[in-house]
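Here is the naming used below: chain letters follow the sequence lines, and residue numbers restart at 1 for every chain.
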Amino acid sequence: MQHWLVKSEPEAYSWANLVKDGRTMWDGVRNYQARNNMQQMQPGDLVLFYHSVSEKAIVGIAKVDKPAYPDPTAAEDKGKWVVVDLIPFRDFKEPVTLEQIKKDERLQDIALLRQSRLSVMPLKPEEFDILLAMGN
DNA sequence: GCCAACGTTGGC
DNA sequence: GCCAACGTTGGC
C-alpha cells in the first residue's frame with residue numbers, strides 16, 4: 001500500500017465537504033506530475049488531506065476507493081487527465097500545521113516543502129507515520 | 001496584497 | 001528549440 005498527500009483550498013473543497021459527501025471524484029488536476037501520481041493510486045491507499053492557503057494544515061485521512069479513470073471534466077484532450085474517487089477515512093484529532101512540518105527534520109524531504117505547488121504527492125511510509133502520530 | 005516558483009503558450 | 005510573456009499556486 002502506498003501513501004499520498006493531496007492539497008485543496010478549503011474554500012474550494014474542504015475536508016468537511018468530503019465528510020459530508022461521503023465520497024468525491026478528485027477532478028480538475030491539470031498537472032502532469034500530479035496526474036502521474038494519481039495513476040499510481042490503488043484502492044485502499046491512504047491519502048492525507050491538506051488544506052492549503054488559508055489554513056495550511058493536514059486535517060484528515062482519506063482513502064482511495066476507485067483507481068484512476070478518465071476525468072469527465074476534461075473537455076479537451078479526452079483521456080489525457082484522470083481522477084480517482086476518495087472517501088473519508090478519519091479525522092486528525094489535531095491539525096498538523098505546515099509550521100510543525102517545517103520544524104521536523106525528518107520531514108524536510110517531502111514534496112509539500114520542496115515543491116510547494118505540487119497538489120498530489122507520494123509520502124514515504126515513515127513520513128506518513130510521523131504525520132499521523134503528530135495529528136493524534 | 002505581494003511575490004517567488006513554476007508551468008504553459010506563442011512568437012521568432 | 002529558445003525564451004519572453006503570461007497565468008496560477010500558495011506561502012508570507
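Contact footprint of chain A on DNA chain B: nucleotides with an atom under 4.0 Å from a non-hydrogen protein atom, first to last in 5' to 3' order, dA5(B) to dT8(B).
Between the side chains of Asp27(A) and Trp81(A), no donor-acceptor pair is found at a separation under 3.5 Å. Side-chain contact check for Trp4(A) and Asn37(A): no donor-acceptor pair (N or O, by modelled atom type) lies under 3.5 Å. In the model, Tyr13(A) has a side-chain atom that pairs as donor or acceptor with a side-chain atom of Asp21(A) under 3.5 Å.
The line from CD of Glu11(A) to NE2 of His51(A) is 8.5 Å long, rounded to the nearest 0.5 Å. If you take CD1 on Ile101(A) and NZ on Lys56(A), they are separated by 12.0 Å, rounding to the nearest 0.5 Å.
Taken residue by residue, residues 6-17 of chain A places heavy atoms nearer than 4.0 Å to DNA chain C at Lys7(A).
The ring pair (Phe, Tyr, Trp, His ring centres under 6.0 Å) pairs that include a residue from residues 105-136 of chain A are His3(A)-Phe128(A), where partners are two or more places apart or lie in different chains.
Note: Trp26(A) and Phe49(A) meet the aromatic proximity criterion, with ring centroids under 6.0 Å apart.
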